[in-house]
Amino acid sequence: MSHDTLPRPTTADKRPEQPGRRPAGRRRKHWTRRANPLAGLGSAVWLTIVIIPIYAMLSASLTSQDKALTGNPLKPPTDPTLDNYNTVLNSGFWHLLSNTVIVAVAVVAIVLGLSIPLAYVAVRTRDRWSGLAFRLFLLGVAIPAQAVVVPLYLLIAKLDLYDSLLAVILPTAAFAMPVSVLVLVGTLRDVSEDLYEAMALDGASPQRMLFQLAIPLAKGGISTVVIFSALQAWNGFLFPLIFTQSDGPRVLTLGLFNYVSQFGVNIPALLASVVLSGIPIFAVYLVARRALIGGLMGVGGK
């Protein structure tokens, strides 16, 4: 029998759709549209836990010092004032902010410039020595900064870096490197081996594979490293406290001591400085939040 004489299926030959049963596509849409009340309740509780301290901090920063410790801390201020913010901005805040930005940008640049090639070599090199070097490098995750602060102090004094921003930048970047390499190795391992082989067949060098393949597909991991290292530099307290002394290289975390005196604490001004110092790093998070979440979920490299 030729193809021309084959009977064609008619409407009657088609499998009838069972009554009361939705097609698979409709069922899938139906399930995606259904709300999860437990997830919504949990999100609301978590949002409340996060927002209440932020609201209390903002409310206290708009209160005068004589009313800071009186009344309900969750009650809106009756006479809000911006005097606390004026006090902070007129007491060297911009100098502290510029130093902190310099430290954060330098730390992020050093961490990215070193951790990306290290992670790439650890993923692409199969010999025993690269694996051993990677394991030894990750020992830094288990070493706390407090355990090596005295040797670091002696080393920085020998290098004549004491009381400078480099004395803060270099140790901060060094202690952010192990976690950064670990994150980037996990991200780069998600890049398909077939893509590397395809570029190798086209005659691409390892450097070209790094910049044109690995880095573009590892944006999630790179964003995670940027946020992590920036937070380490922005919130760092131990290294600025021990390795700096004068007002020149002072950063924001040490500047908070300006509002702590022998006889008390200017709580509204202190909280106002915390609000102002948190705005820049929060803006960085808003820019990279999607890639950051993707990297933490393990799908940022795809």
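Along the sequence shown, residues are numbered consecutively beginning with 1.
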Original post:
How long is the span from the CE atom in Met199 to the CG atom in Leu201, to the nearest 0.5 Å?
Top reply: 11.0 Å
**OP:** Taking the side chain as every heavy atom from C-beta outward, state whether Leu238 and Phe175 have any atom pair closer than 4.5 Å.
**Re:** no
Subject >> Nearest atoms (heavy-atom pairs only) where Thr172 meets Val168 >> reply: OG1-O, 2.6 Å
Subject >> Heavy atoms from other residues, nucleotides or ligands near CZ of Phe237 exceed 12 (cutoff 6.0 Å) >> reply: yes
Subject >> Partner residues of Glu193 under the side chain to side chain donor-acceptor pair (under 3.5 Å) criterion, sequence neighbours left out >> reply: Arg124
Subject >> Separation between CG of Leu271 and OH of Tyr85, rounded to the nearest 0.5 Å >> reply: 8.5 Å
**OP:** Kindly determine whether Arg250 and Thr244 satisfy side chain to side chain contact (heavy atoms under 4.5 Å, CB included), including the steps that lead there.
**Re:** CA-CA 7 Å; Arg250 182 165 291 192; Thr244 61; 5.9 Å; no
Original post:
OH/Tyr55 to CG/Leu58 distance, rounded to the nearest 0.5 angstrom?
Top reply: 9.5 Å
Subject >> Leu89 CG to Leu97 CG distance, which is reported to the nearest 0.5 Å >> reply: 10.0 Å
Original post:
Would one find more than 12 heavy atoms of other residues, nucleotides or ligands at under 6.0 Å from atom CG of Asp160?
Top reply: no
Original post:
What closest approach, in Å, do Val88 and Ser91 show between heavy atoms, and which atom pair accounts for it?
Top reply: O-OG, 3.0 Å
Original post:
How close do Ala167 and Phe243 get, heavy atom to heavy atom, and via which atoms?
Top reply: O-CD1, 3.3 Å
Original post:
Taking Tyr120 for the side chain and Pro206 for the main chain, is one N or O donor matched with an acceptor at less than 3.5 Å?
Top reply: yes
**OP:** Identify the two heavy atoms, one from Ile281 and one from Ala230, that lie closest to each other, and give their separation to 0.1 Å.
**Re:** CD1-CB, 3.9 Å
Original post:
Are Thr187 and Thr224 close enough, and set up right, to give a side chain to side chain contact (heavy atoms under 4.5 Å, CB included), and what steps lead you there?
Top reply: CA-CA 10 Å; Thr187 304; Thr224 305; over 6 Å; no
**OP:** Measure the shortest side-chain to side-chain distance between Val101 and Trp234 over non-hydrogen atoms and say whether it is less than 4.5 angstrom.
**Re:** yes
Subject >> Leu166-Tyr153 co-clustered via ILVMFWY side chain contacts under 4.5 Å >> reply: yes
Original post:
Any side-chain heavy atom of Ser164 sitting closer than 4.5 Å to one from Pro249?
Top reply: no
**OP:** Indicate yes or no: at least one non-hydrogen side-chain atom of Ile156 is less than 4.5 angstrom from one of Pro171.
**Re:** yes
Original post:
Is a side-chain donor or acceptor of Asn99 paired with a backbone partner of Val251 at a separation under 3.5 angstrom?
Top reply: no
Subject >> Candidate pair Met57 and Val274, rule side chain to side chain contact (heavy atoms under 4.5 Å, CB included), full reasoning >> reply: CA-CA 9 Å; Met57 180 177 63; Val274 171; 3.7 Å; yes
Original post:
Considering only heavy atoms from C-beta outward, does the side chain of Met177 approach that of Leu118 to under 4.5 Å?
Top reply: yes
Subject >> Shortest non-hydrogen separation from Ala218 to Leu188 and the atoms involved >> reply: CB-CD2, 3.7 Å
**OP:** Answer yes if Val149 and Leu154 sit in the same cluster of Ile, Leu, Val, Met, Phe, Trp and Tyr residues linked by side chain heavy atoms under 4.5 Å apart, and no otherwise.
**Re:** yes
Subject >> Single-linkage hydrophobic cluster Val185~Val121, side-chain heavy atoms < 4.5 angstrom >> reply: no
Subject >> Straight-line distance of Leu195 CG to Gln212 CD, nearest 0.5 Å >> reply: 13.0 Å
Original post:
Do the non-hydrogen side-chain atoms of Leu62 and Asn84 ever get within less than 4.5 Å of each other?
Top reply: no
Original post:
Does the side chain of Phe228 reach to within under 4.5 Å of the side chain of Val183, using non-hydrogen atoms?
Top reply: no
**OP:** Kindly say whether Ala122 contributes a backbone atom to a donor-acceptor pair with the side chain of Thr125 at under 3.5 angstrom?
**Re:** no
**OP:** Any chance you could measure Lys219, atom NZ, to Ile222, atom CD1, to the nearest 0.5 Å?
**Re:** 9.0 Å
**OP:** Compare every heavy atom of Ala106 with every heavy atom of Ile169, then report the nearest pair and how far apart it is.
**Re:** CD1-CB, 3.6 Å
Original post:
Can you hop from Val150 to Val148 via hydrophobic side chains spaced under 4.5 Å?
Top reply: yes
**OP:** Keeping the roles fixed (side chain from Ser277, backbone from Leu252), state whether a donor-acceptor pair exists under 3.5 Å.
**Re:** no
Original post:
Do you reckon Leu38 sits in the same ILVMFWY cluster as Leu47, going by side-chain contacts under 4.5 Å, direct or chained?
Top reply: no
Original post:
Are any of the side-chain heavy atoms of Asp79 and Ser64 separated by less than 4.5 Å?
Top reply: no
